[in-house]
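Structure record follows, encoded as structure tokens.
Here the structure is a predicted model, which is why all the values come from computation and not from measurement. Within every chain, numbering begins at 1; the chains are lettered A, B, ... in the order of the sequence lines, protein sequences first and strands thereafter.
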There are 2 protein chains.
Amino acid sequence: MSTAEQSEPKAEPRRPLSRERVLRGAIELADERGIESVTMRALAQQLGVEAMSLYNHVANKDEILDGMVDTVMEEINDATSSISGEWKSAMRRRILAARQVLLRHPWATGALVSRTSDSVPLTKYYESLIGLFHAGGFSYDLTHHALHALGSRALGFTQEPFDDSQEIPDPAALAQQMAAEYPNTAALLESVTHDADTTLGWCDDQFEFEFALDILLDGLERHRDAG
Amino acid sequence: MSTAEQSEPKAEPRRPLSRERVLRGAIELADERGIESVTMRALAQQLGVEAMSLYNHVANKDEILDGMVDTVMEEINDATSSISGEWKSAMRRRILAARQVLLRHPWATGALVSRTSDSVPLTKYYESLIGLFHAGGFSYDLTHHALHALGSRALGFTQEPFDDSQEIPDPAALAQQMAAEYPNTAALLESVTHDADTTLGWCDDQFEFEFALDILLDGLERHRDAG
DNA sequence: ACCTGAACACCGTTCAAGT
DNA sequence: ACCTGAACACCGTTCAAGT
């Protein structure tokens with residue numbers, strides 16, 4: 001009637017370690033505390049083991065990062081591969097579904113763009129997008145350009161060099177303060193924050209994502225019809 | 001007639017250290033050997049000094065990274081701020097000029113998207129783009145959407161989750177090998193590598209960048225005219 | 001005011017030793 | 001076959017001491 005008592009954080013019931021469990025643990029850690037807190041020692045501790053044990057199941061830390069990305073890509077494939085229909089609508093729904101997966105793993109976009117080795121689930125994802133374009137009347141050549149044009153948007157994310165996620169406590173004050181040196185930026189800020197449809201933050205990221213996505217899909221369709 | 005002989009690598013004639021010199025040294029190091037080789041110790045060595053001396057001129061390593069990005073952004077501002085004319089052509093030329101600067105500093109795109117603090121030269125750059133859009137008949141609201149739609153492309157770069165920079169030694173063989181599991185990808189690969197206008201690598205990144213940029217600028221113009 | 005040696009807390013990783 | 005303690009080479013950073 002007595003199992004060993006243990007008060008370690010996250011102590012799962014001590015199943016044997018495996019590559020699978022190492023990757024799941026790493027993803028859990030990254031989701032909860034950020035990718036930078038995924039260290040060999042912290043990951044081992046969460047799994048109730050010493051850091052060195054991890055090397056029995058993965059070659060090194062890079063392989064963990066690659067494995068984490070692959071796991072997320074499989075999640076995306078599960079969420080998107082069955083979405084079909086008219087090419088533009090299907091493409092749109094697939095990409096937005098991929099986006100939902102990535103929003104659950106904020107660290108994954110950075111890991112995706114920085115990895116160099118190629119990934120089977122990533123290749124599968126693109127294989128399926130390519131099929132969708134081709135079935136929609138796109139030549140393979142135009143499909144190739146289309147994938148470049150979409151860039152990381154094909155997977156449901158963009159990376160921008162400014163941070164719009166933060167709330168602006170007093171937009172009017174900020175605009176006034178910027179007005180002297182940055183008049184256009186101040187005017188934009190004032191206009192945008194007065195607008196009814198952006199009440200969430202000062203940017204509705206989902207709206208902006210779909211806005212750009214639709215411009216690209218429409219533009220690509222025009223190229224197809226002109227070709 | 002005799003200056004002290006010294007055989008250290010990169011030994012500049014021992015000017016006094018300064019924040020300016022620290023940042024220039026860091027950029028030089030990153031350009032030549034990659035951002036991951038910019039460590040406090042390596043940077044100090046290149047400057048002919050001990051690692052600890054750097055802390056007299058910058059607060060910490062993050063401030064060095066921020067300073068490196070700001071320096072590159074100033075280079076971009078110098079290269080773009082005088083480009084004017086009809087909005088679409090001017091926007092296009094500015095963005096392509098920014099791209100040329102970033103191609104000289106391959107590490108800068110990664111540093112740009114990962115930094116959180118806001119940057120004066122980055123704000124200046126966007127101030128000038130906003131001005132160009134507004135002068136071109138865009139409302140501030142539409143300009144805001146436009147900047148989101150361009151994303152990092154406004155600065156001349158994209159980040160894609162696959163690497164097309166590598167040469168494919170034998171594309172036909174690769175296509176045949178992929179054909180069973182990834183038929184669409186194989187067909188795309190075969191079509192693209194047979195094509196005359198992509199003889200450089202298997203992707204002409206400059207072409208792809210302009211292709212997507214033009215779709216976006218044209219699409220934005222349509223929105224302006226429809227509004 | 002600027003530079004430095006020694007030290008600290010943290011990495012990823014190796015290796016010989018345990019079971 | 002899997003796990004571990006001790007150790008190594010490397011980080012960024014602090015601090016007291018030098019000039």
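In this structure, the CG atom of B/Leu43 is 15 Å from the C1' atom of C/dC3, given to the nearest Å. Atom NZ in A/Lys61 sits about 18 Å away from atom P in D/dC10, given to the nearest Å. Taking atom CG of A/Asn56 as the reference point, atom C1' of D/dG5 lies 14 Å away to the nearest angstrom. Residue A/Leu65 contributes atom CG, which lies 14 Å from atom C1' of C/dC11 at whole-angstrom precision. Between B/Asn60 atom CG and C/dA9 atom P the separation is 20 Å, expressed in whole Å. Taking atom CD on A/Glu63 and atom C1' on C/dG12, their separation rounds to 14 Å, with Å as the unit. Separating the CG atom of A/Leu47 from the C1' atom of D/dC3 is a distance of 14 Å, rounded to the nearest angstrom. Atom CD1 of A/Ile64 and atom P of C/dC11 are 14 Å apart (whole Å).
The side chain of B/Tyr55 has D/dT13 as its nearest neighbour among C/dG5, D/dT13, D/dC2. Set against D/dT13, C/dC3, C/dG5, the side chain of B/Glu50 has C/dG5 as its closest nucleotide. The side chain of B/Thr39 sits closest to D/dG12 out of C/dC2, C/dT13, D/dG12. Closest to the side chain of B/Met52, from the set D/dT4, C/dT4, D/dG12, is C/dT4. For A/His57, taking side-chain heavy atoms from C-beta onward, the closest of the listed nucleotides C/dC3, C/dG12, D/dC3 is D/dC3.
Taking the six-membered ring where the residue is Trp, the centroids of B/His145 and A/Phe207 are separated by under 6.0 Å.
At least one donor-acceptor pair under 3.5 Å links the side chain of B/Asn77 to the backbone N or O of B/Pro121.
With a 4.5 Å cut-off on side-chain heavy atoms, B/Glu127 and A/Pro183 count as touching.
Between B/Gly25 and B/Gln46 the shortest heavy-atom distance is O-NE2, 3.0 Å.
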